[in-house]
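These numbers were taken from a predicted model, which means no experiment stands behind them.
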Amino acid sequence: MNHSNGIALAINFYRKQQNIPSLGWVLAVTGISGILETLPILLSLPLIRTLFLSTEYIVFGATKIEVVHYVLSLLLLLLLRLFVGMYSQFINASTRIQLLADFRTNSTPSERQKLKTVFGKSVQSINFLLVGWSQLLPGMLFTGVGIALFPEFGGIILSILLLWLVPMRVLKKQQDQAHEQVSALQSELEEDQSITANWRDARYKAARLDSVNKNLREFIIVSTLIVALFIAHALDVSISDNSLLVILMLLRGMQQLFTGYIMAQQVSALRGFLKVF
């Protein structure tokens with residue numbers, strides 16, 4: 001295992017724990033929940049268009065579905081999303097509660113005093129890991145499907161996103177370095193209070209980089225979409241009614257991919273605590 005990889009460390013930390021659901025089951029539940037989070041949004045768009053045009057059928061290519069049947073199916077999907085989403089959130093929270101309870105039960109008072117912050121931060125990484133996976137899986141799915149259904153426009157989107165990788169990698173490197181400095185100073189702070197000002201400044205720097213990273217999502221995604229639409233227009237790429245739905249699928253997929261990326265950065269920021277375990 002790469003001990004500098006926060007994701008690998010978080011997974012290893014989870015697998016070492018007992019009395020909690022298997023990681024595979026939890027990832028399956030949260031991943032399905034993430035997919036069901038987006039599906040009703042996408043599938044409601046053809047219904048809105050049909051109702052707006054006052055037609056009797058929902059049209060997907062050569063397939064026609066009666067509005068009543070479509071609405072009933074969409075309601076069933078929403079109910080499924082409700083129950084799976086509630087279970088996914090509960091299993092995430094209950095797992096973290098169980099870990100904290102076991103730590104308090106199975107550790108001595110001196111161990112709790114020494115490791116409570118480290119263990120708490122490690123448990124927090126589990127939440128980031130699961131939330132990130134619940135966005136990464138559907139993000140890959142919907143982006144991949146969108147590119148497959150509309151390859152011309154999808155290729156333009158991918159080309160622009162590849163250009164964004166350069167500044168994002170620079171930002172990620174700076175962010176990792178800032179959090180590593182915070183972790184190093186945190187361990188020294190208990191013994192040397194004179195470095196409090198250095199620790200504070202390091203935290204400020206890490207927080208600034210975190211805020212930039214988290215708030216780049218809409219700027220990158222929407223600007224990418226706008227530029228791609230202009231390029232598609234210049235290249236005379238045909239955009240039909242169904243293509244618009246696919247474009248929205250790509251938009252939503254990119255949003256979820258970026259959210260998964262942000263959660264991965266949150267896990268990475270905690271790897272200094274995860275290394276203890």
Side-chain angles (χ1 to χ4, degrees), residues 21-96 126-151 153-154 157-158 217-218 221-222 224-225 228-229 239-264:
S22 70
L23 182 60
W25 171 249
V26 177
L27 290 177
V29 171
T30 53
I32 293 171
S33 176
I35 293 171
L36 293 176
E37 175 187 331
T38 292
L39 267 180
I41 298 172
L42 294 176
L43 294 179
S44 66
L45 299 176
L47 175 62
I48 294 171
R49 179 180 180 276
T50 299
L51 294 175
F52 181 77
L53 296 175
S54 299
T55 57
E56 297 180 1
Y57 297 95
I58 308 288
V59 179
F60 286 104
T63 304
K64 292 184 177 181
I65 305 173
E66 290 187 16
V67 172
V68 174
H69 296 162
Y70 192 87
V71 170
L72 290 175
S73 300
L74 187 57
L75 287 174
L76 288 175
L77 181 62
L78 285 169
L79 285 173
L80 179 62
R81 157 61 189 154
L82 174 64
F83 291 119
V84 174
M86 288 191 301
Y87 179 64
S88 173
Q89 185 169 350
F90 174 75
I91 200 172
N92 183 346
S94 62
T95 295
R96 289 180 285 120
I126 299 301
N127 179 51
F128 293 141
L129 176 69
L130 297 179
V131 172
W133 173 249
S134 74
Q135 298 300 300
L136 180 64
L137 179 61
M140 292 188 297
L141 174 65
F142 292 117
T143 302
V145 171
I147 291 172
L149 293 176
F150 197 180
F153 189 74
I157 289 282
L158 282 179
R217 186 182 72 171
E218 278 68 33
I221 292 171
V222 176
T224 297
L225 181 63
L229 287 171
I239 299 179
S240 63
D241 289 341
N242 288 330
S243 298
L244 289 173
L245 178 61
V246 176
I247 289 172
L248 292 173
M249 183 183 298
L250 282 167
L251 176 62
R252 180 59 179 168
M254 288 190 295
Q255 285 179 321
Q256 291 187 292
L257 279 175
F258 204 98
T259 301
Y261 166 76
I262 292 172
M263 290 298 102

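Shown here is Q89, whose CD atom has no more than 12 heavy atoms of other residues, nucleotides or ligands within 6.0 Å.
Considering all non-hydrogen atoms of both residues, G31 and L137 come closest at CA-CD2, 3.6 Å. For the residue pair M249 and V145, the shortest heavy atom distance occurs at SD-CG1, 3.6 Å. Across all non-hydrogen atoms, the minimal contact from T95 to P21 is OG1-CD, 3.7 Å. Listed here is the closest heavy atom pair of V67 and T55: CG2-O, 4.0 Å. Between L78 and P40 the shortest heavy-atom distance is CD2-CB, 3.5 Å. The shortest heavy-atom contact between I221 and Q255 is CD1-CA, 3.3 Å.
A distance of 6.0 Å separates CZ in R217 from CD1 in I262, rounded to the nearest 0.5 Å. To the nearest 0.5 Å, atoms CZ (F258) and CD (E218) are separated by 8.5 Å. Atom-to-atom distance recorded for L129:CG and L23:CG is 7.0 Å, nearest 0.5 angstrom. Taken to the nearest 0.5 Å, the CG atom of L136 stands 9.5 Å off from the CD atom of Q256. To the nearest 0.5 Å, atom CD1 of residue I91 and atom CH2 of residue W25 are 7.0 Å apart.
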Evaluate side chain to side chain contact (heavy atoms under 4.5 Å, CB included) for L79 paired with L75, printing each intermediate quantity in order. CA-CA 6 Å; L79 285 173; L75 287 174; 5.8 Å; no

Begin from the C-alpha positions of L229 and F153 and carry the test side chain to side chain contact (heavy atoms under 4.5 Å, CB included) through to its verdict. CA-CA 8 Å; L229 287 171; F153 189 74; 3.7 Å; yes

Report the C-alpha distance between Y87 and F90 in whole Å, list the side-chain angles of each, state the deciding distance to 0.1 Å, and finish with yes or no for ring-ring contact (aromatic ring centres under 6.0 Å, His included). CA-CA 5 Å; Y87 179 64; F90 174 75; 7.2 Å; no

Check the pair M254, I157 against side chain to side chain contact (heavy atoms under 4.5 Å, CB included), reporting the backbone distance first and the verdict last. CA-CA 10 Å; M254 288 190 295; I157 289 282; 3.6 Å; yes

Can you list the steps and then say if V26 with N92 is a side chain to side chain contact (heavy atoms under 4.5 Å, CB included)? CA-CA 8 Å; V26 177; N92 183 346; 5.9 Å; no

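With sequence neighbours excluded, the residues that form a side chain to side chain contact (heavy atoms under 4.5 Å, CB included) with L39 are I35, L36, L43, L77, F142. The ring-ring contact (aromatic ring centres under 6.0 Å, His included) check on F128 picks up nothing, with sequence neighbours excluded.
Within the 3.5 Å criterion, the main-chain N or O of H69 finds a donor-acceptor partner in the side chain of S73. Judged purely by atom type and a 3.5 angstrom limit, S33 has no side-chain atom pairing as donor or acceptor with the backbone of T30.
Residues R252 and T143 have side chains that never bring a donor and an acceptor to within less than 3.5 angstrom of each other.
Within the 4.5 Å cutoff, the side chain of Y70 has no heavy atoms near those of the T50 side chain. For the pair L257 and M140, the minimum side-chain heavy-atom distance is below 4.5 Å.
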